[in-house]
Amino acid sequence: MQCENLVSISDLNLEDINDLFTLTAELKASLQKGEADHCLAGRTLAMIFEKSSMRTRVSFEVAMTQMGGHAIYLTKHDINLGERESIKDVAKVLSRYVDCITIRTYDHKTVVELADCSSVPVVNALSDYTHPCQALTDLFTIREKKGSFDNIKIAYIGDGNNVARSLAFLCAKLKVSYTAASPENYELTAEFLKEVAETTKDSNICIEQIRDPKEAVKDADVIYTDTWVSMGEEDEAETRRNHFKGFQVNGELMAHAKSDALVMHCLPAHRGEEITDDVIDSQNSIVYDQAENRLHVQKALLKILICK
Ligand code: CP
Ligand code: NVA
């Protein structure tokens with residue numbers, strides 16, 4: 001992998017992504033055969049979490065454990081990044097102790113500054129702008145289920161948020177068609193779509209933003225949704241729930257989709273809001289395979305970044 005950090009999907013080239021997916025598949029198969037790979041013995045990961053997490057925290061920690069290393073969980077209460085001491089000092093000092101840093105935070109600039117000031121790799125474990133580990137896992141999972149990315153179309157229904165952005169960006173890199181359907185004022189911005197269009201300009205695939213969820217799901221092979229209220233937006237919860245009412249992934253919407261369309265959600269799901277029980281619990285839903293793959297993808301990522 002040419003990149004030293006994973007701050008956003010733009011850090012990765014196609015070769016990096018293919019190498020990551022190949023190693024992910026190998027590590028997953030080894031684990032299933034009960035083979036241990038202690039390639040990170042004696043190595044330590046610092047995990048800074050300024051927001052809640054279940055999947056990301058546990059999968060990174062288990063990833064380090066399975067590869068013979070150790071992970072340290074640091075909450076806002078523990079280090080109070082930027083208040084108790086500067087991001088720069090935290091980056092410089094942690095770099096003297098640990099082999100890699102993950103950070104989940106609000107402002108994307110915090111991740112950028114941490115990566116700029118660290119001498120060890122920094123991995124974005126979600127910022128308000130992007131969630132690259134999630135997108136990598138999502139596309140790995142789609143390829144695992146479908147065999148390839150050929151002619152695959154993804155419909156993303158809901159908020160043009162961190163998850164929507166990194167998914168769109170990775171789809172562009174992998175030449176997978178992506179249609180987002182969102183209410184007014186919650187779309188992917190024109191500026192973002194222009195940036196993404198640079199990546200797809202030599203291909204016939206489209207990364208697009210539309211309004212109508214029914215139109216988006218019509219030809220889709222994958223239907224993806226995420227919360228209407230991301231972490232940090234709790235004050236807007238009621239307004240958002242009103243604005244997103246017509247954007248629920250439910251049986252009625254699925255009736256407009258192909259019968260074998262896969263259903264994905266990064267989780268946590270708000271059952272009865274962005275997705276209904278009958279859809280998330282249906283045979284088409286792959287949300288738990290998707291969640292499991294966070295572990296395998298992040299093991300590959302840590303191995304590549306730490307052992308390079
Ligand atoms: N999908 C995801 O990142 O889940 P957590 O917020 O639980 O880490
Ligand atoms: N968009 C959600 C994703 C959670 C994994 C959030 O930022 O809260």
Side-chain angles (χ1 to χ4, degrees), residues 6-9 45-64 71 73-76 101-111 123-142 154 156-170 178 180-183 185-189 192 222 224-237 239-241 243-244 247-249 263-271 273-275 280 285-299 301-302:
L6 178 58
V7 172
S8 73
I9 293 298
L45 172 70
M47 307 190 300
I48 303 172
F49 277 88
E50 298 193 318
K51 290 177 174 174
S52 302
S53 172
M54 192 268 272
R55 274 145 293 273
T56 308
R57 185 250 167 118
V58 176
S59 55
F60 268 114
E61 190 162 336
V62 171
M64 288 304 289
Y73 177 58
L74 298 161
T75 65
K76 186 159 178 65
I101 304 168
T102 60
I103 176 162
R104 169 168 288 196
T105 189
Y106 293 86
D107 190 347
H108 187 68
K109 288 195 199 105
T110 303
V111 188
V123 175
N124 184 347
L126 180 148
S127 63
D128 287 346
Y129 182 63
T130 191
H131 195 4
C133 296
Q134 184 67 56
L136 288 164
T137 303
D138 299 338
L139 270 297
F140 175 83
T141 307
I142 291 168
I154 299 182
Y156 176 91
I157 311 300
D159 192 14
N161 61 13
N162 43 11
V163 168
R165 275 188 286 268
S166 32
L167 190 64
F169 214 143
L170 190 60
Y178 172 101
S182 317
N185 298 325
Y186 298 98
E187 304 99 336
L188 296 169
T189 64
F192 174 80
V222 177
Y224 197 118
T225 190
D226 182 21
T227 183
W228 294 338
V229 185
S230 284
M231 291 178 278
E233 296 170 343
E234 291 78 7
D235 290 352
E236 302 170 27
T239 317
R240 282 176 163 266
R241 284 186 193 116
H243 287 156
F244 280 91
F247 290 79
Q248 185 182 65
V249 177
V263 172
M264 298 182 77
H265 191 308
C266 59
L267 304 180
H270 304 81
R271 289 165 174 258
E273 289 188 21
E274 74 272 6
I275 194 161
I280 197 168
S285 170
I286 56 166
V287 297
Y288 304 123
D289 293 335
Q290 181 186 359
E292 179 194 322
N293 281 337
R294 291 291 302 278
L295 170 66
H296 308 301
V297 168
Q298 288 159 199
K299 279 173 77 176
L301 184 65
L302 290 169

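Both counts, for ligands and for their atoms, begin at 1 and track the order of listing.
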For Tyr73, is the NZ or CZ atom of Arg57 found under 6.0 angstrom from the centre of its six-membered ring and inside 45 degrees of the ring axis? yes
Within the 4.0 Å heavy-atom shell around His131, which atoms of ligand 1 are there? 2 (C), 3 (O)
On the 0 to 90° scale, with breaks at 30° and 60°, tag the Tyr178-Tyr156 ring pair as parallel, tilted or perpendicular. parallel
What's the shortest heavy-atom distance between [X] and [Y], and which atoms?
X	Y	value
Ala181	Phe247	O-CD2, 3.7 Å
Thr102	Met47	OG1-CA, 3.2 Å
Asn161	Thr227	ND2-O, 3.9 Å
Asp128	Arg165	O-NH2, 3.0 Å

Do any nitrogen or oxygen atoms of [X] come within less than 3.5 Å of a nitrogen or oxygen of ligand 1?
X	value
Met231	no
Arg294	yes
Cys266	yes

Residues in side chain to side chain donor-acceptor pair (under 3.5 Å) with Thr56, at least two apart? Arg104, Arg294
Suppose we measure from [atom] to each protein heavy atom; which comes out shortest, and what is that distance?
atom	result
atom 6 (O) of ligand 1	Arg104 NH1, 2.8 Å
atom 7 (O) of ligand 1	Met54 N, 2.7 Å
atom 4 (O) of ligand 1	Arg55 NE, 2.8 Å

Could you check if a side-chain atom of Ile280 sits within less than 4.5 angstrom of a side-chain atom of Thr225, using non-hydrogen atoms only? no
Side-chain heavy atoms of Phe244 within contact of Val229, under 4.5 Å: no
Please list, by chain and number, the protein residues whose heavy atoms come under 4.0 Å of ligand 2. Leu126, Asn161, Asn162, Val163, Asp226, Thr227, Ser230, Met231, Leu267
Which residue, Lys109, Glu50, His108, forms the side chain to side chain donor-acceptor pair (under 3.5 Å) with Ser127? His108
Give the contacting part of Leu126 toward ligand 1: side chain, backbone, both or neither, where contact means a heavy-atom distance below 4.0 Å. neither
